[in-house]
Participant: 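Below you'll find the structure I mean.
All residue numbers refer to positions in the sequence shown, counting from 1.
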Amino acid sequence: MKKMMAPRNERQANSIHKRRAEFRAARFALGALLITLGSCSLFGERGPVRIAAIGPVNPAANPVNGELSAGNAALLDATSQGLVSFDNQGQIEPGLAERWTVTTDGRSYIFRIREAKWTDGRKVNAEDVAAILRSYLAERSRHLMRDDFPEVETIKAMTDMVIEIRLATPQPAILDLLAQPSMAIVGRRGGAGPMRAKRIGRALLLSPVPDPLAEDSEAAEAAANDPAASIELVGATAPRALARFQNGYADGVIGGRFSTLPYFVASNIGRSRLVVDPVPGIFGLTVLRTDGFLAIDSNRAALSRAIRRDRLVRAFGLAEWQPQVSLRPDHHRRDGGPPPYIPTWYDYDDASRQAQARRAVEAWRSGGREIAPLRIAVPDSPGGRILFAYISADFAAVGVPSRRVKMNETADLKLLDEVAPNDDPLWALRRLSCRRDTLCNRDAQALIDLANANVDAGQRMSQLVEAEIVLARYSPFIPLATPLRWSVASQRLAGLRANGRGHHPLNLMLAATN
């Protein structure tokens with residue numbers, strides 16, 4: 001890591017001291033695990049590829065219950081699968097659907113379901129799949145992506161093996177949405193993915209599903225049951241997952257985020273083993289309450305000005321992690337879409353921005369109004385505490401006190417850390433407007449709704465740009481950086497590759513190594 005500049009005051013010195021203490025604590029925790037970790041592996045060298053996922057792995061995980069851990073997402077993608085899937089480079093490939101067509105108006109997607117069986121052995125048919133998809137998008141559904149399909153009008157079975165998804169307006173990026181692990185088709189009869197799972201001790205053993213069209217069914221079954229063709233998946237805390245890798249009991253670690261990066265930095269694992277995904281999305285503080293100091297748009301904007309993003313990101317010592325000041329990620333310009341709206345203060349240096357923010361705070365206090373300490377919810381982890389230390393120091397520098405709270409506690413500001421599920425430039429605006437965990441500006445939301453419903457691409461983009469400007473000036477969200485997703489891969493895992501979706505299919509890791 002690069003050395004930080006000498007602190008200018010005692011508060012900054014304390015912040016940096018806390019950051020260094022976090023790294024020392026992470027190193028100590030990892031070192032203790034390296035000593036205590038068991039010395040036996042589930043299988044020998046000819047056994048399955050061994051993956052340690054940061055977070056829980058639950059064979060009963062279901063996308064209707066909300067956000068999925070990295071391990072559960074990988075498990076669902078392997079054992080259940082959506083109509084389409086991502087390959088190990090983040091590109092669309094067939095999933096439960098063996099092929100599909102799109103009508104010339106871009107409003108109808110027709111999928112042909114492949115020959116497959118549910119976990120209970122019954123044949124998959126189109127009506128079952130359509131019913132599951134409809135349940136995901138139902139009004140009362142708790143599905144994580146329920147609100148990401150505003151264009152969908154109907155989902156219906158056309159024949160026993162054909163499904164149509166009909167859209168009110170074209171959505172060229174809908175396949176990327178359908179390929180998300182949370183869109184895996186999971187029903188009462190289980191799933192129908194390329195692998196099947198069974199519990200072996202604390203691990204799940206995933207084996208390939210025999211090809212139902214194979215001429216020699218016994219040979220196909222034998223090949224699928226070969227341990228060398230399988231994957232051992234274990235859920236663990238970040239220190240334990242990295243310790244397993246360092247001791248040779250895991251070929252790869254998946255599910256890393258900014259919050260757990262200090263554990264990798266504190267380990268002795270070589271930098272060449274780190275895989276960082278260049279994922280677009282949102283990473284910043286959403287404003288949850290609009291009373292007191294936070295009730296004024298200009299005050300919320302002042303908080304955004306106060307944060308020295310370059311300094312914050314450098315504290316984590318990873319060159320791939322980049323600051324971000326816009327509500328929308330910057331990657332849309334590569335497709336000729338409108339560039340994101342950049343606030344006017346971006347042209348000033350950090351000192352000038354903080355001076356501007358300090359004036360806004362002083363103007364508020366000049367009327368005899370105090371500022372209660374802002375409660376900022378961040379993960380209770382080394383990365384979360386480091387992040388808070390830098391944000392808190394910057395807020396204090398302009399006269400705003402703050403304190404850290406856990407993610408499930410009452411807060412004024414809360415960290416949002418989400419990867420964009422597709423390249424639709426409207427996604428970020430929908431996500432940051434009028435949701436349960438965001439503020440609501442009716443003018444911005446009206447423009448977003450118009451853009452959602454507009455079939456004219458040019459008008460849609462104009463409404464998007466206008467909505468973004470209105471929302472950015474309202475300041476419901478303080479962007480900090482791009483999302484950070486990382487994995488660790490041994491030389492054996494040639495199939496675990498950095499990609500813009502942050503997605504690493506388990507079955508393709510195995511295929512690439514054999």
Side-chain angles (χ1 to χ4, degrees), residues 19 54-55 67 69-70 73 144 148 180 238 255-262 264 276-288 300-301 303-332 340-343 346 376-392 394-395 402 404 407 411-425 427-433 435 437-439 468 471-472 475-487 498-503:
R19 178 176 70 85
I54 297 175
E67 186 174 2
S69 68
L144 181 66
D148 291 324
Q180 294 294 323
R257 295 193 176 200
F258 93 98
S259 55
T260 51
L261 183 66
F264 177 84
V276 181
D277 294 308
V279 290
I282 54 176
F283 180 91
L285 300 174
T286 182
V287 181
L288 300 176
R300 299 193 296 268
L303 294 177
S304 190
R305 294 181 191 219
I307 296 173
R308 292 172 287 180
R309 291 165 177 80
D310 289 335
R311 175 176 175 271
L312 184 156
V313 168
R314 284 198 306 268
F316 287 80
L318 192 63
E320 292 91 337
W321 202 23
Q322 295 295 312
Q324 182 169 304
V325 297
S326 60
L327 300 181
R328 283 196 298 119
D330 190 48
H331 74 299
H332 298 302
Y341 172 78
I342 304 299
Y346 182 68
I376 304 177
V378 296
D380 188 15
S381 65
R385 290 186 284 273
I386 293 168
L387 183 80
F388 172 78
Y390 278 83
I391 292 173
S392 179
D394 285 342
F395 283 178
S402 61
R404 180 173 60 87
M407 294 292 282
D412 302 298
L413 304 172
K414 183 177 181 179
L415 184 71
L416 289 185
D417 178 7
E418 298 181 14
V419 174
N422 65 3
D423 288 340
D424 183 0
W427 171 79
L429 302 188
R430 286 197 300 258
R431 178 62 187 88
L432 296 174
S433 176
R435 295 286 183 93
D437 54 359
T438 65
L439 302 185
E468 183 177 14
L471 196 63
S475 299
F477 179 72
I478 301 173
L480 298 174
T482 58
L484 177 60
R485 299 292 184 269
W486 59 270
S487 306
N499 64 78
R501 297 298 175 202
H503 187 58

Participant: Does any N or O in the side chain of E468 come within less than 3.5 Å of the main-chain N or O of Y341, such that one atom is a donor and the other an acceptor?
Facilitator: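 Pair found, side chain donor or acceptor close to backbone of Y341.
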Participant: Can you tell me how far CZ of F388 sits from CZ of R404, rounded to the nearest 0.5 angstrom?
Facilitator: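 If I round to the nearest 0.5 Å, the distance is 7.0 Å.
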Participant: Please lay out, stage by stage, how V313 and Q322 fare under the test side-chain contact (heavy atoms from CB on, under 4.5 Å).
Facilitator: CA-CA 7 Å; V313 168; Q322 295 295 312; over 6 Å; no
Participant: What I'd like to find out is whether the side chain of V287 reaches to under 4.5 Å of the side chain of D412, using heavy atoms alone.
Facilitator: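 Counting from C-beta outward, V287 and D412 never come under 4.5 Å.
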Participant: Who pairs with D437 by salt bridge (charged side-chain N to carboxylate O under 4.0 Å, His left out), at least two apart in sequence or on another chain?
Facilitator: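 D437 satisfies salt bridge (charged side-chain N to carboxylate O under 4.0 Å, His left out) with R431 only.
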Participant: With distance as the sole test, does W486 use its side chain to make a donor-acceptor pair with the main-chain N or O of D277 at under 3.5 Å?
Facilitator: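 Checking the backbone N and O of D277 against the side chain of W486, no donor-acceptor pair under 3.5 Å is found.
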Participant: Could you check whether any side-chain heavy atom of I376 comes within less than 4.5 Å of a side-chain heavy atom of F395, counting everything from C-beta outward?
Facilitator: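 The answer is yes; the side chains approach within 4.5 Å.
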Participant: Step by step, work out the side-chain contact (heavy atoms from CB on, under 4.5 Å) result for D394 and R311.
Facilitator: CA-CA 10 Å; D394 285 342; R311 175 176 175 271; 3.8 Å; yes
Participant: Are any non-hydrogen side-chain atoms of P479 and S304 less than 4.5 angstrom apart?
Facilitator: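 With C-beta onward as the side chain, the pair touches.
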Participant: ring-ring contact (aromatic ring centres under 6.0 Å, His included) with F283: which residues, sequence neighbours excluded?
Facilitator: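 Testing F283 for ring-ring contact (aromatic ring centres under 6.0 Å, His included), a comparison that skips the adjacent residues, returns F258, W321.
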Participant: Between atom CG of L416 and atom CZ of R435, what is the distance when rounded to the nearest 0.5 Å?
Facilitator: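 CZ of R435 is found 10.5 Å from CG of L416.
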Participant: Are any side-chain N or O atoms of S433 and backbone N or O atoms of R430, one a donor and one an acceptor, separated by less than 3.5 Å?
Facilitator: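 Looks like no, no N/O pair under 3.5 Å.
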Participant: Atom CG in L432, atom CD1 in I282: separation rounded to 0.5 Å?
Facilitator: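 L432 CG to I282 CD1: 4.5 Å, rounded to 0.5 Å.
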Participant: Say you draw a straight line from CG of L387 to CG of L480; how long is it, rounded to the nearest 0.5 Å?
Facilitator: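 Those atoms lie 6.0 Å apart.
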Participant: Please name all residues satisfying salt bridge (charged side-chain N to carboxylate O under 4.0 Å, His left out) with R485, sequence neighbours left out, ordered by chain then number.
Facilitator: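 Salt bridge (charged side-chain N to carboxylate O under 4.0 Å, His left out) check on R485 returns D417.
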Participant: Could you tell me whether a side-chain N or O of N499 sits under 3.5 Å from a main-chain N or O of H503, the two making a donor and an acceptor?
Facilitator: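 Yes, the answer is positive, given that a donor and an acceptor are paired below the 3.5 Å cut-off.
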Participant: Step by step, work out the side-chain contact (heavy atoms from CB on, under 4.5 Å) result for D148 and N422.
Facilitator: CA-CA 10 Å; D148 291 324; N422 65 3; over 6 Å; no
Participant: Start with the C-alpha distance between D423 and R501, add both sets of side-chain angles, then the distance that settles salt bridge (Lys or Arg N to Asp or Glu O under 4.0 Å), and finish with yes or no.
Facilitator: CA-CA 10 Å; D423 288 340; R501 297 298 175 202; 3.3 Å; yes
Participant: Distance-only, no hydrogens or angles: does the R328 side chain make a donor-acceptor pair with backbone N or O of S326 under 3.5 Å?
Facilitator: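 Answer holds: no.
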Participant: Rounded to the nearest 0.5 Å, how far does CD of Q324 lie from CD1 of I342?
Facilitator: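 Taking CD1 in I342 and CD in Q324, the distance rounds to 8.5 Å.
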Participant: T438 and T286: side-chain donor and acceptor closer than 3.5 Å?
Facilitator: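 There is no such pair between these side chains.
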